[in-house]
Amino acid sequence: FFFQKRQSRSAVLSLGRIRLYRETQIIYPLISQGTSTTLTMAASYTTVGVLLAIAFVGVCSAVPLQRHSTISAPTVTYGDLVHQGRFTASGASNVLRTAMTTQGFIAVSGIPNFGRLRREALLSSFKCTTHASTARSVELKDGTQRLTIAGVTHGRDRLQEMEFGTDNDACASSFRETSTAFRNVVSDVAGAFSDRMSELFTLQGIPMLWHVNRTRTYSNFREIVNGADHLEHFHIYHQANAAGKNDNDNTLDLHTDQGLFIAFTPALMVEEAASGEVTATDSSPGDFFVESVDKTLTSVDFGDGNVLVFMLGDGVQQYYNNRLLPENGEARLRSVPHGMAMPKHIDKESRAWYGRMFLPPNHALSEEHGLSFGQLREMAIMDVNASGGVGTGIGCSRMLLQADADPECGENQMYCWHQCMDYTPDANPTTCEEQGLKLQCMNQRDQVVDTGLHGDHNPTCSNSDTTESPPDPIPQPSEALSCGWNEYLNLNAYENSLEIHPGKTYLMWNVEGGNTVKMRMAYNGYLGYMAIGIEDKRTRAEGSAHPGMNGANIVMGIYDPDEDVFGAPYVGTGVKAYTIHPSLSAFRHWDETAEELPAGAKMEVTDCFMSMEVSVANIHGQGLNFTASTTNKMIWAIHEDSLLKHYHGYCNKGRVELDVTTVNGHGKYQWAPSQAACATSTTDTENDDKIVDERNDPSTSASISSHGRAQWLFAAAFVALSAHAAFPWV
């Protein structure tokens with residue numbers, strides 16, 4: 001049997017403090033309070049795998065309590081849920097309101113074809129999961145082994161393929177088809193659920209979440225669901241010698257899940273015959289239990305199991321209940337503690353289950369931590385990957401974040417910006433003491449890091465006690481000025497142009513003499529830098545963290561008006577060619593590659609606008625391609641927020657394949673589908689929440705129609721210019 005044969009290395013974690021016993025280089029911070037968990041995994045791992053390993057973990061309790069009764073799950077029908085008129089007339093609105101405020105979960109029945117799709121997806125998931133090279137394996141507290149394959153849905157319904165590897169026939173055939181059909185139905189029902197929840201539970205006069213820069217809000221369930229990435233699991237559970245197990249042994253103790261809510265289908269017991277055929281059995285899938293308001297434990301009956309269950313997560317407490325105003329008399333939503341006990345089963349049987357966790361948008365603000373939820377997830381990934389993979393649990397449910405605030409690092413390391421960092425010759429206890437300085441975690445502005453702001457943080461010898469703060473915004477032109485944007489652009493002086501951000505950013509160019517490109521980028525207002533360059537083929541092909549950006553040769557126009565304003569580092573206003581470091585992204589790692597450009601290169605700053613203008617045949621020695629019917633793969637970026645040479649933001653970067661031998665006319669930059677919301681943004685922060693992994697998303701190659709003859713291809717690219725650039729989909 002597969003579970004008896006599977007061999008992999010393991011790590012054991014427990015809390016109070018995290019104690020780690022590991023043979024693996026990378027571990028997943030899968031943590032629960034009061035329990036011990038044995039974690040095993042395949043040698044390969046991915047960002048999605050790391051996040052999903054930490055995601056389905058919540059606030060846990062290991063108190064062994066007896067179940068006192070069994071209740072039927074509160075239920076509404078699919079037809080009543082999806083049709084707004086029927087929702088109220090049928091009484092379904094009252095059922096949902098009562099369930100969400102008193103029990104915290106509800107089942108949706110009568111979903112067309114759901115019974116068949118659920119059965120097919122869970123059966124095929126068993127065969128795929130037990131053979132997939134990417135499957136993660138966890139040994140739970142009662143000895144149950146759980147195998148998992150993971151996936152992501154972007155927004156309401158954009159599915160990313162489940163991660164099962166490329167050499168698995170069991171996955172590539174039936175599972176791909178059945179899981180996609182099943183997941184699409186989940187998306188449909190979850191969308192209707194978020195619509196109805198938005199109608200019943202919207203805060204009065206205050207949003208549920210703010211964008212991290214407080215430039216926009218997420219007012220209700222619908223806006224949160226539409227703006228975020230949602231994490232999915234197919235789980236297969238098996239317990240050796242389960243026929244003699246104790247009925248009171250919990251497999252998963254009481255816990256509440258992360259995020260706004262979770263959608264799941266009740267488990268199905270499956271059996272694999274000697275021939276390899278997988279069938280469903282009539283055995284019980286075990287005991288799913290919840291904690292009632294009176295603290296008693298109650299088992300839940302889901303009938304024949306052909307329902308989709310929605311259960312509120314810990315997020316409703318954080319960004320709904322905590323914002324209720326007592327004078328408005330609004331009902332509190334209930335995040336229900338729940339758990340599971342594996343059934344007694346024969347050795348040939350296993351338990352198959354599916355769930356999708358609906359998380360807050362990446363760029364929504366976690367006010368408790370002063371960071372975006374995307375930053376919290378990014379720190380979880382960095383924390384796992386840094387220094388041998390000793391994770392601290394960042395990204396787990398909020399009550400776990402403080403469980404191990406000061407983890408132990410190696411002998412020659414210190415804890416800095418949520419990870420263990422190595423000492424350097426210039427920053428170590430001995431060197432700092434000899435200078436009469438303290439060894440501290442500092443940013444490049446000599447500020448003590450304790451907020452986790454995005455930036456360049458390192459061990460440093462310093463006696464500064466200034467706490468880290470965001471950099472000052474760039475003063476913008478006075479609104480009292482009469483400025484003519486169209487006149488400043490002077491598009492008629494160029495044969496080709498693209499409007500990148502409506503009314504805000506333009507790229508223009510001409511070809512001169514058949515071997516030189518005259519390019520101009522113009523910006524409506526003031527910014528910190530603008531850049532365009534030739535994509536680096538090596539890092540693009542290797543799928544690095546910043547594909548195409550690291551190693552790229554670029555032209556960069558910098559606005560540095562004041563030497564006393566820290567620019568990391570200050571270089572003065574002007575335009576030069578640079579080569580970005582092959583692996584490090586902070587500007588200080590490659591500013592010394594600066595090379596003067598031919599005469600005429602300039603960074604123009606007027607009372608109202610800024611522009612960069614260059615004429616080049618090559619960039620830092622790398623020639624442009626002037627052969628007919630060929631293209632130059634270019635990357636571009638701008639940074640609006642401050643004078644720091646810093647992370648540009650999601651809608652302030654892109655990629656263009658440029659045929660410089662053809663006149664293309666004037667058109668609008670057409671964003672790839674994954675960045676479609678950027679097409680209407682006038683500032684980067686309006687649409688930062690739509691982040692996907694562009695290296696694995698085929699939708700990031702798109703075409704643009706202009707008034708000329710050429711076909712243009714555009715795709716999102718990482719042109720991150722900060723020390724800790726955001727992970728693409730986090």
Side-chain angles (χ1 to χ4, degrees), residues 70-83 86-87 90 92 95-96 99 105-130 149 151 153 156-157 159 162 170-171 173-194 196 230 232-237 261-273 277-288 299-311 338 340 342-343 345 348-358:
T70 298
I71 62 170
S72 295
T75 304
V76 296
T77 68
Y78 172 80
D80 289 343
L81 185 70
V82 299
H83 298 293
R86 285 175 53 180
F87 180 61
S90 66
V95 175
L96 181 59
F105 67 99
I106 196 163
V108 180
S109 65
I111 304 169
N113 301 315
F114 189 76
R116 174 180 61 82
L117 292 171
R118 166 182 173 256
R119 185 184 184 92
E120 291 176 352
L122 292 180
L123 287 175
S124 62
S125 75
F126 173 86
K127 201 154 192 177
C128 175
T129 303
T130 53
I149 50 175
T153 293
R156 194 174 180 114
D157 56 9
L159 305 182
M162 303 298 294
C171 296
S173 54
S174 63
F175 179 69
R176 176 184 281 117
E177 180 178 347
T178 59
S179 65
T180 298
F182 173 73
R183 293 167 67 205
N184 278 327
V185 172
V186 173
S187 295
D188 173 52
V189 184
F193 174 77
S194 68
R196 301 292 87 84
H230 312 299
E232 299 171 86
H233 273 165
F234 280 93
H235 285 321
I236 302 297
Y237 298 82
F261 61 89
I262 183 174
F264 68 91
T265 185
L268 183 71
M269 295 300 290
V270 302
E271 179 180 354
E272 184 177 22
E277 181 184 5
V278 180
T279 57
T281 73
D282 294 329
S283 300
S284 165
D287 185 16
F288 180 88
S299 299
V300 181
D301 180 9
F302 294 110
D304 63 6
N306 291 325
V307 294
L308 188 62
V309 182
F310 293 93
M311 179 170 286
H338 57 281
M340 185 271 289
M342 280 287 288
H345 63 83
K348 294 187 298 182
E349 286 183 308
S350 296
R351 180 181 186 269
W353 180 93
Y354 164 86
R356 181 184 300 180
M357 179 177 293
F358 291 80

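Predicted, not measured: the structure shown is a model, and the values here were computed from it.
Aromatic rings from Phe193 and Phe261 are positioned such that their centres are separated by under 6.0 Å.
To the nearest 0.5 Å, atoms CG (Leu308) and OG1 (Thr265) are separated by 6.5 Å. To the nearest 0.5 angstrom, Asn306 atom CG is 11.0 Å from Asn113 atom CG.
Remark: the backbone N or O of Gly191 is paired with a side-chain donor or acceptor of Ser194 at under 3.5 angstrom. At least one donor-acceptor pair closer than 3.5 Å links the side chain of Arg118 to the backbone N or O of Gly305.
Met269 places a side-chain heavy atom less than 4.5 Å from the side chain of Pro343.
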Apply the test ring-ring contact (aromatic ring centres under 6.0 Å, His included) to residues Phe234 and Phe175: give CA-CA distance (whole Å), side-chain angles for both, the deciding distance (0.1 Å), then the verdict. CA-CA 11 Å; Phe234 280 93; Phe175 179 69; 5.2 Å; yes
For Thr75 and Ser109, what are the C-alpha separation, side-chain angles and deciding distance, and is it a side-chain hydrogen bond (donor to acceptor under 3.5 Å, both in side chains)? CA-CA 7 Å; Thr75 304; Ser109 65; 5.7 Å; no
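No side-chain N or O of Thr70 forms a donor-acceptor pair with one of Asp301 less than 3.5 Å apart.
Exactly one residue among Arg351, Glu349, His345 makes a side chain to side chain donor-acceptor pair (under 3.5 Å) with Ser283. That residue is Glu349.
Between His233 and His235, the angle of the ring planes lies from 30° to 60°, which puts this pair in the tilted group. A tilted orientation is assigned to the rings of Phe264 and Phe288, their planes being inclined by 30° to 60°.
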